[in-house]
Amino acid sequence: MKSLKNIFRLLTAALVLAGVGACCEKHKGDDTGDKYEKVVMLYAAGFNTISSYIRVNVDEDLPAGWLPSANDSKRVMLVFSHFPKVDRNYNKPTAPALFRMYRQGENVVCDTLLTFPEGTMATQASTLREVLEFVKEKYDSEEYGMIFSSHGTGYLPQGYYSTSGNDEKSYSFSSGAERSQRRGYDFGNSETGVLKTREDWYDPSMPAVKSVGQEQSGTIGNYTAYEMTPQEFAGAFPMHFKYILFDACFMGGIEMAYELKDVCDIMGGSQAEIIAEGFDYTTITNHLLNTKESSPESVCRDFYERYQNMSGVYRSATISMVDCRKLDRLAEVCGRIFENNRSGLEAINAGKVQKFFRFDDCWFYDLESIVRNSGASQAELDELQAALDECVIYKAATDHFMYYFNIEEFCGFSMCLPCKAGPQLKLYYQDLAWNRASGLIR
């Protein structure tokens, strides 16, 4: 493991110093017009508080697993990464890079394909778009897959989670969208604001988690946060993906899945936080590249079993994999149920609804538990279950999350609970694709 890590760093450094900006090999697709069979990308946006964990995933865990050979003309493993030079030192800009990882004999080689100027943030939609356009042009493939590893805050607006959004009057938001300003509310600009973050009261006795923000610049307690809204993330994809797996907190909500329904076939993610070690990167490539049929479900299953087999606070995980192509039926069913139980939705006792959050971050509840507590009839619940069965391919959860809450209900989706959303969050939520389709918040 240590030797692979050293080889990785030396080769990457040498290629960057040499100014390598394009792949140094001939691609089958470039010369013949043939397509690759599979391209998998790990998009590691780690210029943040969990950079050390993501760095281990990239430098040690991924190279320890199966990798395509140097002359494999069918399968490609790509990594886009961005890390601070020194962990928790976000005031020194670094240059993100895209590279191809493969095995040459006993060595792991990383060919640098594309570098960005120092200070470029991986969590800006323009960066994601540029990376994906390059991949689409250089690696024309029958199938694309992505693992997105970073912080995550689900459907929330930029800066909302980071600034303790329970008190909507104490700060400004950012949606990054002109339509938000036209609707009559102002979420500010997370790229110029100073954010007071969860790190100010982080409990050192608990495992680190992938939450708070995404990428940041500055110093702890006084940094600028760079995030993408669900709309910006979905809009950055120039080609269709077979699957997108989020190794990031709170991304397993119906809001994110519905935003991506025209971008990818399959989405996987956690309804709660994710402990910072994240997915099992030693087995990911074997499931996604070294099989005739890619198996993102196996990646999700490995994640769950990894934490289910641990003890104490580390035995904490939620995960689901859903078919985004079958979400319209769910939206149709939920739309009728929400309309029939409008008063019940607003009067729900939130303490009886299954939650997926710690502290007072009351924005992620179980979708089915919400419906059940809204007063929906048994016939409506049966119809909801049938719609969920159509689109939820895999789901699993431990019995509890750390010492903060038990997991007794788990349908495979989290969702906003309207009665726990403040006025400005409700205005923002109305612009999400899920809300336009289901009418959860009027």
Stepwise, does the side chain to side chain contact (heavy atoms under 4.5 Å, CB included) test hold for Phe237 with Leu132? CA-CA 7 Å; Phe237 284 75; Leu132 294 180; 3.6 Å; yes
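- Between atom OG of residue Ser69 and atom CZ of residue Arg103 there is a gap of 10.5 Å, rounded to the nearest 0.5 Å.
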Checking Tyr314 against Ile275 for the side chain to side chain contact (heavy atoms under 4.5 Å, CB included) test, could you report, in this order, the C-alpha distance in whole Å, the side-chain angles of both residues, the deciding distance, and whether it holds? CA-CA 8 Å; Tyr314 280 88; Ile275 291 174; 3.9 Å; yes
Working for side chain to side chain donor-acceptor pair (under 3.5 Å), residues Tyr258 and Asp328: CA-CA 8 Å; Tyr258 205 82; Asp328 284 335; 2.8 Å; yes
Any chance you could lay out the side chain to side chain donor-acceptor pair (under 3.5 Å) test for Glu409 and Ser369, step after step, and finish with the verdict? CA-CA 7 Å; Glu409 296 181 78; Ser369 185; 3.1 Å; yes
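- The backbone N or O of Ala122 lies less than 3.5 Å from no partner atom in the side chain of Thr127, so there is not a single donor-acceptor pair.
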Take Glu305 and Arg301, measure what salt bridge (charged side-chain N to carboxylate O under 4.0 Å, His left out) needs, and give me the verdict at the end. CA-CA 6 Å; Glu305 292 177 354; Arg301 193 179 302 275; 5.1 Å; no
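- Residues Leu128 and Tyr43 are in side-chain contact: their nearest non-hydrogen atoms beyond the backbone lie under 4.5 Å apart.
- For Tyr36 against Ser73, the heavy-atom pair with the smallest separation is CD2-O, 3.2 Å.
- Taking all atoms of both residues into account, the shortest heavy-atom contact from Thr318 to Ala397 is CG2-CB, 4.0 Å.
- For the pair Leu62/Leu42, a side-chain contact is recorded, criterion being any heavy-atom separation below 4.5 Å from C-beta on.
- At least one donor-acceptor pair closer than 3.5 Å links the side chain of Ser438 to the backbone N or O of Trp434.
- Put simply, the side chain of Lys136 gets close to the backbone of Pro238: a donor and an acceptor are under 3.5 Å apart.
- The closest donor-acceptor contact from the side chain of Arg315 to the backbone of Gln308 lies under 3.5 Å.
- Atom-to-atom distance recorded for Lys38:NZ and Ser294:OG is 3.5 Å, nearest 0.5 angstrom.
- Without hydrogens or angle criteria, Glu37 side chain to Glu143 main chain gives no donor-acceptor distance under 3.5 Å.
- For Glu259 (side chain) and Pro230 (main-chain N/O), no donor-acceptor pair under 3.5 Å exists by modelled atom type.
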Verdict with supporting geometry, Glu390 and Lys326, salt bridge (charged side-chain N to carboxylate O under 4.0 Å, His left out): CA-CA 7 Å; Glu390 286 184 12; Lys326 298 181 179 179; over 6 Å; no
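- Judged purely by atom type and a 3.5 angstrom limit, Asp247 uses its side chain to pair as donor or acceptor with the backbone of Phe279.
- Aromatic ring pairs are classed by plane angle as parallel below 30°, tilted from 30° to 60° and perpendicular above 60°; the pair Phe233 and Phe246 is tilted.
- Side-chain contact between Leu98 and Met41: present, with at least one pair of heavy atoms (C-beta onward) separated by less than 4.5 Å.
- Side-chain contact between Cys416 and Glu255 is present, with at least one heavy-atom pair separated by less than 4.5 Å.
- Residue Phe364 forms a ring-ring contact (aromatic ring centres under 6.0 Å, His included) with just one option from Phe356, Tyr155, Phe357, and that option is Tyr155.
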Verdict with reasoning, Phe80 to Phe116, per side chain to side chain contact (heavy atoms under 4.5 Å, CB included): CA-CA 11 Å; Phe80 177 79; Phe116 287 78; 3.6 Å; yes
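- A heavy-atom distance below 4.5 Å is not found between the side chains of Tyr53 and Arg55.
- Under the 3.5 Å distance criterion, the side-chain polar atoms of Ser316 are matched with a main-chain donor or acceptor of Met402.
- Checking side-chain atoms of Ser141 against main-chain N and O of Lys35 turns up no donor-acceptor pair under 3.5 Å.
- For the pair Arg358 and Tyr404, the cation-pi criterion (under 6.0 Å, within 45° of the ring axis) is fulfilled.
- Residues Met267 and Met321 fail the side-chain proximity criterion, which asks for heavy atoms closer than 4.5 Å.
- Looking at every heavy atom in both residues, Gln231 comes nearest to Asp431 through NE2-O, 3.9 Å.
- With values rounded to the nearest 0.5 angstrom, Ile441 atom CD1 is found 9.0 Å from Leu417 atom CG.
- The heavy-atom pair separating Arg325 from Ile266 by the smallest distance is NH2-CD1, 4.2 Å.
- To the nearest 0.5 Å, atom CG of residue Leu288 and atom CH2 of residue Trp66 are 10.5 Å apart.
- Two residues are said to be in side-chain contact when any heavy atoms from C-beta on lie closer than 4.5 Å; Asp366 and Val353 fail this criterion.
- Distance check, rounded to the nearest 0.5 Å: OG of Ser374 to CG of Leu381 gives 7.5 Å.
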Does His240 form a side chain to side chain donor-acceptor pair (under 3.5 Å) with Asp262? I'd like the steps, not just the answer. CA-CA 8 Å; His240 194 81; Asp262 297 324; over 6 Å; no
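- In this structure, the separation between NZ on Lys138 and CG on Leu113 is 10.0 Å, given to the nearest 0.5 Å.
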Please determine whether side chain to side chain contact (heavy atoms under 4.5 Å, CB included) holds for the pair Asp61 and Val56, giving the CA-CA distance in whole Å, both sets of side-chain angles, and the decisive distance to 0.1 Å. CA-CA 6 Å; Asp61 298 340; Val56 169; 3.8 Å; yes
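- Between Thr153 and Met251, the shortest heavy-atom contact is N-SD, 4.0 Å.
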Would you please test Tyr102 and Asn71 for side chain to side chain donor-acceptor pair (under 3.5 Å) and show each step? CA-CA 9 Å; Tyr102 57 85; Asn71 59 356; over 6 Å; no
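- Taking the side chain as every heavy atom from C-beta outward, Arg100 and Val109 never approach each other to under 4.5 Å.
- Without hydrogens or angle criteria, Gln354 side chain to Glu408 main chain gives a donor-acceptor distance under 3.5 Å.
- Closest approach of Gln430 to Arg436, counting heavy atoms only: O-CG, 3.7 Å.
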